[in-house]
Amino acid sequence: LLQLAAELAALVFELASLTRDGVLAVTGGADSLEKLARRAHRFEHDADQLVIDAREAVRRRPEYGAFRPLIEASDDAADELEEAVFLLGMLAAAKPDGPVLGPLRTLAGLLDEAAREWVKALGHAAHVREPGAADDTDDFLTAIDRIAALEHQTDDAERALTAAAVRHAADFRQLHLYAALGSKLEAACDALKHASLVLRDHILAGLASG
């Protein structure tokens with residue numbers, strides 16, 4: 001199940017990277033986002049399949065039920081990011097420019113970093129029960145703490161994006177798309193934080209009992 005979670009985390013990271021790249025490409029027009037949207041859809045489909053596999057594994061081994069909310073929260077992040085890439089295509093068609101793109105890039109960058117830390121956390125989690133794994137345990141907890149800090153930063157970044165959009169969006173369509181993108185990206189980071197806290201509690205409980 002840790003391996004399934006790690007594979008899902010890798011897909012979330014790919015989706016976060018696509019979102020970041022999509023924000024950078026959004027001024028190039030809608031055509032530039034079509035390829036990214038197709039890739040995002042494939043990644044999200046693969047993530048859904050991993051969730052099905054994880055649910056079946058938990059059904060067979062109910063003692064690992066703690067992994068189900070972890071996997072589902074990570075999948076929530078994948079869903080939000082895939083939707084964000086779709087919305088970026090609509091924003092590109094609306095021909096955005098000006099000062100609102102800066103806060104949007106900041107928010108997408110925070111998601112990319114949070115997804116990277118989630119991959120790290122799961123990588124270290126696989127080794128914390130091994131002899132002499134103090135460094136892995138420290139690195140695991142550092143990654144978890146970093147995800148929490150990034151989630152707080154995304155809250156601030158979403159507010160900054162909303163404020164910039166209210167002041168500078170060219171029309172209501174752009175304003176709506178900026179607001180929806182901010183909501184999707186903030187929700188994705190919140191889902192990663194939730195998944196990371198479930199994993200932290202599971203790992204620490206195992207260490208305490210072992």
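All of these numbers come straight from a predicted model, not from anything done at the bench. Throughout, numbering of the chain's residues begins at 1 and tracks the sequence.
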Enquirer: Using the rule that two of Ile, Leu, Val, Met, Phe, Trp, Tyr join whenever any of their side-chain heavy atoms come within less than 4.5 Å, decide whether Val23 and Phe13 are in one cluster.
Expert: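 No; Phe13 is not reachable from Val23 via cluster members.
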Enquirer: Any chain of hydrophobic side-chain contacts (each under 4.5 Å) joining Val58 to Leu8?
Expert: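 Per the 4.5 Å side-chain linkage, Val58 and Leu8 are co-clustered.
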Enquirer: With a 4.0 Å cut-off, would you call Arg59 and Glu56 a salt bridge?
Expert: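 Yes, charged N to carboxylate O under 4.0 Å.
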Enquirer: With distance as the sole test, does Ser183 use its side chain to make a donor-acceptor pair with the main-chain N or O of Ala179 at under 3.5 Å?
Expert: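 Judged by distance alone, no pair lies under 3.5 Å.
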Enquirer: Do Trp118 and Ser196 have a side chain donor and acceptor closer than 3.5 Å?
Expert: no
Enquirer: Could you please spell out the steps behind the side-chain contact (heavy atoms from CB on, under 4.5 Å) verdict for Arg55 and Glu72?
Expert: CA-CA 9 Å; Arg55 286 172 177 163; Glu72 290 176 347; 3.1 Å; yes
Enquirer: Taking the side chain from Ser74 and the backbone from Leu70, do they hold a donor-acceptor pair closer than 3.5 Å?
Expert: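 A pair under 3.5 Å: no.
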Enquirer: Can you hop from Leu204 to Leu1 via hydrophobic side chains spaced under 4.5 Å?
Expert: yes
Enquirer: Taking 4.0 angstrom as the limit, do Lys193 and Asp190 come out as a salt bridge?
Expert: no
Enquirer: Glu113 vs Arg116, test: salt bridge (Lys or Arg N to Asp or Glu O under 4.0 Å). Steps then yes/no.
Expert: CA-CA 5 Å; Glu113 188 175 354; Arg116 191 186 307 270; over 6 Å; no
Enquirer: Is Val12 reachable from Phe86 through a run of I, L, V, M, F, W or Y residues, each pair having side-chain heavy atoms under 4.5 Å apart?
Expert: yes
Enquirer: Hey, does the side chain of Glu186 reach the backbone of Gly182 with a donor-acceptor pair shorter than 3.5 angstrom?
Expert: no
Enquirer: Less than 4.5 Å apart, any side-chain heavy atom of Tyr178 and any of Pro103?
Expert: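 No; the side chains remain at least 4.5 Å from each other.
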Enquirer: Above 12 or not: heavy atoms from other molecules or residues under 6.0 Å from NE2 of His176?
Expert: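 Atom NE2 in His176 is not packed in, count stays at 12 or less.
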Enquirer: Treating Ile, Leu, Val, Met, Phe, Trp and Tyr as nodes and any side-chain heavy-atom pair under 4.5 angstrom as an edge, say whether Leu122 and Leu150 lie in one connected cluster.
Expert: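 Not linked; separate clusters.
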Enquirer: I'd like to know if Lys184 and Glu83 make a salt bridge, using a cut-off of under 4.0 Å between side-chain N and carboxylate O.
Expert: no
Enquirer: Go through Leu185 and Thr154 one step at a time and tell me if the side-chain contact (heavy atoms from CB on, under 4.5 Å) criterion holds.
Expert: CA-CA 8 Å; Leu185 294 177; Thr154 60; over 6 Å; no
Enquirer: Nearest 0.5 angstrom please: Leu18 CG to Leu33 CG, how far?
Expert: 10.0 Å
Enquirer: Quick check against the 3.5 Å criterion: does Glu158 have a side-chain atom that pairs as donor or acceptor with the backbone of Leu107?
Expert: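 Flag not set: sc Glu158 to bb Leu107 has no pair under 3.5 Å.
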Enquirer: Is it true that Arg42 and Asp46 have a side-chain N and a carboxylate O under 4.0 angstrom from each other?
Expert: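 Not counted as a salt bridge, because no side-chain N and carboxylate O are separated by less than 4.0 Å.
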Enquirer: If I take atom CG from residue Leu91 and atom CG from residue Leu104, how far apart are they, to the nearest 0.5 angstrom?
Expert: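 Between atom CG of Leu91 and atom CG of Leu104 there are 7.0 Å.
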